K.L.:
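Quick one: this structure, given as structure tokens, is what I'll be asking you about.
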Amino acid sequence: MVGYGFIQTILMEIRMYGDAFFAVASVLVAILIIPSDWSTKLTNEWTQEPHMRVLSRDELSLYDGASGSKGLYLAIIGQVFDVQKGDRHYGVNGGYHGMAGKDASLAFISGDFTESGLIDDVSTLSPSQVVALYDWLAFYQKDYTPIGRLVGRFYTEKGLPTEALMKLEELLFEGQRLKSQLQAESQKFPSCNSEWSPTLGGRVWCSTRSGGVERSWAGVPRKLFSPGSSRSRCVCVEDPSSGSPNMQDYQGCHPDSDSCTLEV
């Protein structure tokens, strides 16, 4: 089982490379490291827990771990958790102390730990980013003690979900649908191996384990375009004769070759 300390330590090290890198890495960590069986409690499940407290922003701010504070809490998507056991991460000297005593949901994905980034407005997130955010929520639900709900963007004064939260969960379901679609596609069209150098240029090739998908066939490299987009990624195709309007051969590469050289 992956522990909370292990995940927090990884992200602490990632932050050393800058916020932009953290923004990408935090999504990848959520997808690759947080176990898939860490299911998230959604709004309808929380209504079945009447012992949960309802806190105002001012009340939550009293639990920031500073000297004289009442404890060490944080909120994510309006759900409040006691993170005292993670004091070395969220305490006064911790790298994530800015998240204590508030809901800084956006920062889990953006990597922006400035005052303007430590906010709960996640309306700019894409469906896939919302999935990653809920993966972080599942992490806290799994490893920390739940306290209650935060009045504001996601919950009312009675602890009921707001329209903003319902819309966010709609994005979650869309993101989960897209994630399942991508996972199915990655099995059918695994990613290529690749290498690149400034002098020799690049190379993409297929093997029986490329893309992390073990199989009995290697395939041949093709450019796979997302519908309506000019961006592509290299995938390995088992039967190149099947054809697809979203695929292209690599220029200058034999259509039956399992390796293609890219121009500098």
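We're numbering straight along the sequence, starting at 1. FYI, side chains are in, hydrogens and waters are out, and symmetry mates aren't considered; it's all heavy atoms of this structure. Given the structure is predicted, the values throughout are model-derived calculations rather than measurements.
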K.L.:
Just to verify, what does Tyr63 make a ring pair (Phe, Tyr, Trp, His ring centres under 6.0 Å) with, not counting sequence neighbours?
P.N.:
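Testing Tyr63 for ring pair (Phe, Tyr, Trp, His ring centres under 6.0 Å), a comparison that skips the adjacent residues, returns Tyr73.
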
K.L.:
Kindly write out the residues that satisfy salt bridge (Lys or Arg N to Asp or Glu O under 4.0 Å) with Glu170, not counting sequence neighbours, or none if the list is empty.
P.N.:
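Testing Glu170 for salt bridge (Lys or Arg N to Asp or Glu O under 4.0 Å), a comparison that skips the adjacent residues, returns none.
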
K.L.:
Do the non-hydrogen side-chain atoms of Val122 and Phe154 ever get within less than 4.5 Å of each other?
P.N.:
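With C-beta onward as the side chain, the pair touches.
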
K.L.:
Would you kindly say whether the two SG atoms, from Cys236 and from Cys192, are closer than 2.5 Å?
P.N.:
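Answer is no, sulfur atoms not closer than 2.5 Å.
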
K.L.:
Salt bridge (Lys or Arg N to Asp or Glu O under 4.0 Å) with Asp64: which residues, sequence neighbours excluded?
P.N.:
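Asp64: no salt bridge (Lys or Arg N to Asp or Glu O under 4.0 Å) contacts found.
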
K.L.:
Which residues pass the salt bridge (Lys or Arg N to Asp or Glu O under 4.0 Å) test with Lys167, not counting sequence neighbours?
P.N.:
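Testing Lys167 for salt bridge (Lys or Arg N to Asp or Glu O under 4.0 Å), a comparison that skips the adjacent residues, returns Glu163.
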
K.L.:
Salt bridge or not for Asp120 and Arg57, using N-O below 4.0 Å?
P.N.:
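Here Asp120 pairs with Arg57 in a salt bridge, since their nearest N and O are under 4.0 Å apart.
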
K.L.:
Determine whether the aromatic ring centres of Tyr140 and Phe108 lie less than 6.0 Å apart.
P.N.:
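Yes.
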
K.L.:
Between Cys253 and Cys260, is the SG-SG gap under 2.5 Å?
P.N.:
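Between Cys253 and Cys260 there is a disulfide, given that their SG atoms are under 2.5 Å apart.
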
K.L.:
Honestly curious: do Phe113 and Leu72 fall in one hydrophobic cluster under the side-chain, below-4.5 Å linking rule?
P.N.:
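Yes, because Phe113 and Leu72 connect within a single hydrophobic cluster, where side-chain heavy atoms sit under 4.5 Å apart.
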
K.L.:
State yes or no: do Phe81 and Leu165 share one hydrophobic cluster built from I, L, V, M, F, W and Y residues joined by side-chain heavy-atom distances below 4.5 Å, directly or via other members?
P.N.:
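Yes, it is one cluster - the side chains of Phe81 and Leu165 are joined through contacts under 4.5 Å.
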
K.L.:
Using the side-chain contact (heavy atoms from CB on, under 4.5 Å) criterion, which residues pair with Glu214? Sequence neighbours excluded.
P.N.:
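Arg209.
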
K.L.:
Is the number of heavy atoms from other residues, nucleotides or ligands under 6.0 Å of Glu157 CD greater than 12?
P.N.:
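Counting neighbours around CD of Glu157, 12 or fewer heavy atoms of other residues, nucleotides or ligands fall under 6.0 Å, so no.
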
K.L.:
Could you tell me which residues satisfy side chain to side chain donor-acceptor pair (under 3.5 Å) with Gln181, sequence neighbours excluded, listed by chain and number?
P.N.:
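Here the qualifying residues are Arg177.
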
K.L.:
For a quick check under 3.5 Å, do Ser56 and Asp58 share a side-chain donor-acceptor pair by atom type?
P.N.:
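On atom types as modelled, these side chains do not qualify, holding no pair under 3.5 Å.
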
K.L.:
Is there a path of hydrophobic side-chain contacts, each under 4.5 Å between heavy atoms of I, L, V, M, F, W or Y residues, that connects Trp205 with Phe189?
P.N.:
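No.
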
K.L.:
Apply side-chain contact (heavy atoms from CB on, under 4.5 Å) to residues Glu174 and Leu178 and explain how you reach the verdict.
P.N.:
CA-CA 6 Å; Glu174 173 63 12; Leu178 294 172; 3.8 Å; yes

K.L.:
Go through Ser232 and Arg222 one step at a time and tell me if the side-chain hydrogen bond (donor to acceptor under 3.5 Å, both in side chains) criterion holds.
P.N.:
CA-CA 9 Å; Ser232 66; Arg222 291 291 187 272; over 6 Å; no

K.L.:
Mind running side-chain hydrogen bond (donor to acceptor under 3.5 Å, both in side chains) on Thr162 and Arg153 for me, showing each step along the way?
P.N.:
CA-CA 7 Å; Thr162 63; Arg153 186 176 302 276; over 6 Å; no

